[in-house]
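These notes are about the structure you will find just below.
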Amino acid sequence: MEDHIILSERLEEQLKAVEWAKAEQKRLLREKGDRLSKELMEKMTPFILKQQKG
């Protein structure tokens, strides 16, 4: 079951809140993806370099 909170009685303001939440979700997912990619590169780069030398 999902909880719904009405921030305003005005539909216009509710729509703005929904758009903000969608944009914020995209931003957070992008940041998480960037962080995971960076961590993966930090862990894999030494391994890859080692494989190229050997």
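We number each residue from 1, following the sequence as shown. Everything quoted here is computed from the prediction, not taken from an experiment.
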For the residue pair Lys32 and Leu36, establish whether any side-chain heavy-atom pair is separated by less than 4.5 Å. yes

Could you list the donor-acceptor pairs under 3.5 angstrom formed by side chains in residues 38-46, with sequence neighbours left out?
| from | atom 1 | to | atom 2 | distance (Å) |
| --- | --- | --- | --- | --- |
| Glu39 | OE2 | Arg35 | NH1 | 3.4 |
| Thr45 | OG1 | Met41 | O | 2.6 |

Determine which pairs satisfy side-chain hydrogen bond (donor to acceptor under 3.5 Å, both in side chains) with at least one residue from residues 16-25, sequence neighbours left out, and list them in order. Glu24-Arg27

